Amino acid sequence: MALLPILVAPDPRLKQKARRVEAVDGVLRRLIDDMLETMYAAPGIGLAAPQVGVSKRLLVIDLAKEGEPKAPLCMINPELTWLSDEEATYEEGCLSVPEHYADVVRPARIRVRYIDRDNEIREIAADGLLATVVQHEMDHLDGILFLDHLTNLKRNMILRKLVKARKTPAGAEL
Ligand code: GNR
Ligand code: NI
């Protein structure tokens, strides 16, 4: 198991459309395990492969709260098969947009079809936070960040701060 470095915006690799996974093999399962370990360590409730520099249509999610048993979800080549007209607003954050949070409006309920880590085709319905996180992670597979759902003004304000924070790491003088 290994912790993988998480890319931070603005990074061109976060803007690329990821490629479909061709085979669920041992190499991919190792990547899934490393992504889960990286997500738990961050800590985060979701992580998409492009965030660790791997351009594959693969994501992991775990909404279990601290103290609850782990409940890892792994989705390979996920596709939304249904979206509700009803919308929901959540304050979103992103491990690739550290320390910035903003309200994002998305469909409130979805159905998503995917391959799991045992190579089985699955389809689940999701609402609440799970529906939001699945959509947030699937956006990453298409090179979209939650910032892209905000006004240009808000997005550019956050991107400028991220560039500045990179030039001046936490704790540095000036
Ligand atoms: O850890 C995360 N929390 C979160 C909160 C609200 C909506 C989406 C998320 S996903 C985020 C981890 C992440 O960046 N996944 O891509
Ligand atoms: Ni994210």
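First listed ligand is number 1; within each ligand, the first listed atom is number 1. Quantities reported herein were computed from a predicted structural model and do not represent experimental measurements.
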Counting N and O atoms only, with roles assigned by atom type, does the side chain of [X] sit under 3.5 Å from a partner on the main chain of [Y], one being a donor and the other an acceptor?
| X | Y | answer |
| --- | --- | --- |
| T38 | L3 | no |
| D142 | I144 | no |
| E79 | R113 | no |

Near [X], which atoms of ligand 1 are under 4.0 Å from a heavy atom of that residue?
| X | result |
| --- | --- |
| C94 | 14 (O) |
| H140 | 16 (O) |
| G44 | 1 (O) |
| E137 | 10 (S), 13 (C), 15 (N), 16 (O) |
| G93 | 4 (C), 5 (C), 6 (C), 8 (C), 9 (C), 10 (S), 11 (C) |

* So, is S96 polar-close to ligand 1, with some N/O to N/O distance under 3.5 Å? ->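 Between S96 and ligand 1 (N or O atoms, distance only) the closest approach is not under 3.5 Å.
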
What I want to know is whether I45 and ligand 1 share at least one N or O pair that is separated by under 3.5 angstrom.
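N/O-N/O distance below 3.5 Å exists for this pair.
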
Give the residue and atom name of whichever protein heavy atom lies nearest to [atom], and the separation in Å to one decimal.
| atom | result |
| --- | --- |
| atom 8 (C) of ligand 1 | H136 ND1, 3.6 Å |
| atom 14 (O) of ligand 1 | L95 N, 2.8 Å |
| atom 12 (C) of ligand 1 | G46 O, 3.2 Å |

Could you grab the angle centred on the Ni ion (ligand 2), going from SG in C94 to NE2 in H140, to 10°?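 So the angle at the metal works out to 100°.
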
- Message: Check this for me: D118, atom CG, are more than 12 non-hydrogen atoms of other residues, nucleotides or ligands nearer than 6.0 Å?
- Response: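 More than 12 within 6.0 Å, yes.
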
Quiz item: Is it the case that more than 12 heavy atoms not belonging to R155 sit under 6.0 Å from its CZ atom?
Solution: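 Atom CZ in R155 is crowded, with more than 12 foreign heavy atoms closer than 6.0 Å.
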
Please step through side chain to side chain donor-acceptor pair (under 3.5 Å) for the pair Y90 and D103, ending with a clear verdict.
CA-CA 5 Å; Y90 271 90; D103 281 351; over 6 Å; no

message = Please classify the E92 to ligand 1 contact at 4.0 Å (heavy-atom distances, strictly less than): side chain, backbone, both or neither.
response =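 Under 4.0 Å from ligand 1, E92 contributes backbone and side-chain atoms.
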
Quiz item: Could you go step by step and tell me if E22 and K56 meet the salt bridge (charged side-chain N to carboxylate O under 4.0 Å, His left out) rule?
Solution: CA-CA 9 Å; E22 297 294 344; K56 289 187 194 298; over 6 Å; no

Derivation of the salt bridge (charged side-chain N to carboxylate O under 4.0 Å, His left out) call for D139 and R106: CA-CA 11 Å; D139 268 357; R106 301 182 187 271; 3.0 Å; yes

Would you compute the distance between atom CZ of R122 and atom CD1 of I124 and round it to the nearest 0.5 angstrom?
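Reported to 0.5 Å precision, the distance equals 9.5 Å.
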
Answer yes or no for E91: is there a heavy-atom contact with ligand 1 below 4.0 Å?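 It does, in that a heavy atom of E91 comes within the 4.0 Å cut-off of ligand 1.
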
